[in-house]
Structure formats: C-alpha cells, structure tokens
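Notes follow once the structure below has been shown.
Computed from heavy atoms alone, side chains included, the values below leave out hydrogens, waters and symmetry copies. Every chain is numbered from 1, with letters handed out A, B, ... down the list of sequences.
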Amino acid sequence: MPELPEVETTRLGITPHVESQTITKVTIRNYSLRWPIQSDIEDCLVGQHINHISRRAKYLLLHCTDGTLIIHLGMSGKLRVLDSADNVAKHDHADIQFGNGITLRYNDPRRFGAILWTQDDIQHHKLLEHLGPEPLCAAFSADYLYKKAQKRKVCIKTFIMDGKVVVGVGNIYANEALFLAKIHPKTTSSQLSNRQLEQLVTTIKQVLEKAIAAGGTTLKDFRKSDGQPGYFAQQLNVYGRDKQACHHCDNKIQTYKEAQRATYFCPLCQPLLN
DNA sequence: ACATTGACCTGGGAGC
DNA sequence: TGCTCCCAGGTCAATG
C-alpha cells in the first residue's frame with residue numbers, strides 16, 4: 001500500500017500515541033524482513049524514549065534517546081496502534097509496547113519492509129544520505145529538475161521515480177502526475193522543456209498533497225484494525241484504468257510496462273513529442 | 001556515472 | 001473446488 005501519502009498518514013496517526021513515550025517491551029516474531037532485524041533489537045530498544053517521529057522519503061524515523069529506529073513499510077507493510085497486544089494474526093512480525101499501554105504493531109505479508117536500529121548520524125545513514133529532495137519542499141523546483149534532467153537519458157517516468165532525483169513518487173502518483181502535466185511517460189527526460197518540467201513539479205506536489213489530505217480524513221479511525229487509507233477513494237485519472245474513458249477527452253486509457261512497472265496514460269492528452 | 005534487470009516475498013484474482 | 005499463472009503501492013544490488 002504505501003506510497004508517500006500513506007507513510008505520512010501513518011506518521012501522523014502514530015505520533016500522538018507514541019511520541020514522548022518510553023518503550024517497555026519489544027516482541028519480534030519474524031526477524032526476516034528485507035534485511036534481518038538485528039537479533040538484539042529488544043535489548044537495544046527497551047527503555048528508549050521516543051523524542052520525535054519524522055519521515056524521510058518513505059522511511060519513518062523514530063528518534064530515540066540513544067539512536068534512531070528506521071521503519072520502512074515496503075510494498076505491503078502496515079503499522080497499527082492497538083490497546084492490547086493480544087489477537088496476534090498472520091504476518092504480525094513485530095510489536096513495540098509503550099509505557100502508556102499502547103502496542104505499535106508491524107504487519108507485512110510480503111516482508112519487503114525493514115525495521116532497523118542505528119546509532120549513526122541519521123543524515124548520513126547509508127539508506128538516506130543519497131536521497132533527493134522531498135517532493136513537497138521548495139528545493140524540489142523546476143530549475144532543480146531541469147538541471148538534473150539534462151544529464152539523463154531515461155524516460156521521464158523512470159526519472160521521477162528515481163529516489164536520487166526526488167523521493168516519494170511511487171508508481172501510482174508518477175502515472176497521475178504525468179497525466180495532469182500532459183506529458184507522455186516515455187518522453188526522454190532531457191528533451192522536456194523547463195516549462196513542461198515546471199508543470200510536472202506542480203502536478204507532483206498537487207497530487208501528493210491531495211492524497212495526504214485524503215489520508216488524513218481516515219485518521220480518526222486509525223486505531224481500528226481495518227482502517228483503510230482514504231486516498232484510495234481519491235479520483236485516479238489513469239492508474240488502473242486500462243481501456244476506460246479518459247476523464248478529460250473520453251479517449252481510451254492505454255497501458256504498457258516501463259521498467260517492469262505498469263504504466264498508464266491517455267494517448268490524446270499525453271502525446272509523445274519526441 | 002548511468003541504464004537495465006533481477007531479486008526479495010505472499011496473497012489475490014483470472015482462467016482453465 | 002483446485003491448480004497454474006500473473007500481477008501488485010518498493011528499492012537495493014549486481015551487471016553491462
């Protein structure tokens with residue numbers, strides 16, 4: 001599930017329950033995620049106070065007394081806030097309990113996610129230090145993107161999904177932003193004009209902001225186990241809409257694979273110019 | 001340095 | 001009902 005809006009929604013959802021709490025107990029039921037959870041993580045975490053929770057790209061960062069707990073949700077990960085540590089279900093790989101009685105439970109069927117404890121300077125952590133700017137920050141600008149794009153020959157969809165260019169633009173929102181900017185996903189990045197990239201920067205910010213706002217509408221239900229993220233309800237223009245009518249011109253949406261990811265576009269609204 | 005592909009996993013749905 | 005095949009919101013590592 002998680003693209004950036006869901007990770008941000010998760011951060012906002014867990015923060016009031018977990019921030020400024022102290023970890024009292026840690027239960028790992030499956031250490032085998034994308035990278036193995038370190039075997040002594042219980043010892044490392046118990047007693048740690050959560051000073052602050054932040055997000056960098058799709059990584060959740062729980063800043064603790066003596067280090068940082070990095071959590072990534074991968075393709076299928078979920079974090080829930082529970083009143084009880086009972087009712088353990090399949091794929092509930094980890095529980096973190098706090099002094100206020102809350103349990104933070106990590107569930108991840110595909111196990112592409114990660115739970116990592118680090119005492120390094122988090123800015124220079126191997127997974128974070130080479131990441132591009134946050135999409136919703138001023139540093140992600142048309143000028144920035146244009147300069148980067150000049151040096152690259154990949155198609156624009158692959159380009160904006162590259163975390164070294166900009167973080168947090170996953171497959172759904174890459175498709176949606178390109179539709180709104182009227183850019184064909186196959187367009188070579190270096191061939192786009194400053195004007196077009198300005199439009200694309202705008203639509204990336206717009207689509208992510210809208211999705212975060214939609215995710216926020218489900219926050220009141222965050223503690224329910226079945227609390228579905230709200231952004232699914234959002235109107236998608238192209239993603240998953242193969243052969244359906246374009247909302248703008250009524251032509252049929254088409255699909256193909258780009259870098260092994262499903263790509264959707266409207267051939268009329270997003271003409272290929274090069 | 002950049003571009004491309006494979007790899008990691010489980011579950012759900014389509015088609016037979 | 002059950003089997004096989006394909007697909008899925010991510011991203012690092014290995015290979016040219």
What is the distance, rounded to the nearest whole Å, between atom [atom1] of [X] and atom [atom2] of [N]?
X: Y264(A); N: dA8(C); atom1: OH; atom2: P; answer: 6 Å
X: Q260(A); N: dA14(C); atom1: CD; atom2: C1'; answer: 14 Å
X: N175(A); N: dG9(C); atom1: CG; atom2: P; answer: 9 Å
X: L60(A); N: dG10(C); atom1: CG; atom2: C1'; answer: 14 Å
X: H130(A); N: dA1(B); atom1: NE2; atom2: P; answer: 11 Å
X: M161(A); N: dT4(B); atom1: CE; atom2: C1'; answer: 15 Å
X: R241(A); N: dA8(C); atom1: CZ; atom2: C1'; answer: 19 Å
X: R110(A); N: dG9(C); atom1: CZ; atom2: P; answer: 8 Å

Taking the basic N atoms (NZ, or NE/NH1/NH2) and the acidic carboxylate oxygens, is any pair closer than 4.0 Å for R55(A) and E134(A)?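 Looking at R55(A) and E134(A), the cut-off is met.
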
Measuring from the side chain of [X] (C-beta onward, heavy atoms only), which nucleotide among [options] has the closest atom?
X: K257(A); options: dG10(C), dA8(C), dA3(B); result: dA8(C)
X: K90(A); options: dA3(B), dG11(B), dG9(C); result: dG11(B)
X: E3(A); options: dG10(C), dT10(B), dC7(C); result: dG10(C)
X: L127(A); options: dC12(C), dT4(B), dG6(B); result: dC12(C)

Counting only Watson-Crick pairs (N1-N3 plus N6-O4 or O6-N4) and G-U wobbles (N1-O2, O6-N3), all under 3.5 Å, who is the partner of dG16(C)?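 Per the H-bond distance test, dC2(B).
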
Watson-Crick or G-U wobble mate for dG9(C), both contacts under 3.5 Å: none

Nearest non-hydrogen partners of Y173(A) and A211(A), listed with the distance: OH-CB, 3.3 Å

Is any side-chain N or O of [X] closer than 4.0 Å to OP1 or OP2 of [N]?
X: R261(A); N: dG9(C); answer: yes
X: K151(A); N: dC2(B); answer: no
X: H91(A); N: dC9(B); answer: no
X: Y239(A); N: dG9(C); answer: yes
X: R34(A); N: dT11(C); answer: no

Could you pick out which residue, A262(A) or L131(A), lies toward the 5' side of DNA chain C when each is mapped onto its nearest nucleotide?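 Counting from the 5' end, the first nearest nucleotide belongs to A262(A).
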
Tell me whether F112(A) is stacked on the nucleobase of dC9(B), counting only the six-membered base ring and applying the 5.5 Å and 30° thresholds. no

Integer angstrom distance from the C1' of dA3(B) to that of dG9(C): 24 Å

Donor-acceptor under 3.5 Å (T255(A) side chain, T263(A) main chain): yes

Give a yes or no answer on whether the side chain of Q48(A) reaches the backbone of I23(A) with a donor-acceptor pair at less than 3.5 Å. no

Does K186(A) make a cation-pi contact with Y256(A) (under 6.0 Å, within 45 degrees of the axis)? yes

The single option from N171(A), I183(A), T187(A) passing side chain to side chain contact (heavy atoms under 4.5 Å, CB included) against K157(A): N171(A)

Does the salt bridge (Lys or Arg N to Asp or Glu O under 4.0 Å) test come out yes or no for R29(A) and D95(A), once each step is laid out? CA-CA 8 Å; R29(A) 301 184 190 84; D95(A) 282 357; 2.6 Å; yes

For a quick check of understanding: with a heavy-atom distance under 4.0 Å over all strands, which category does [X] fall into, base, sugar-phosphate or nothing?
X: R152(A); result: sugar-phosphate
X: Y59(A); result: sugar-phosphate
X: A259(A); result: nothing
X: K164(A); result: nothing
X: R111(A); result: sugar-phosphate

Between L33(A) and D162(A), just flag the one whose closest nucleotide in DNA chain B comes earlier from the 5' side. D162(A)

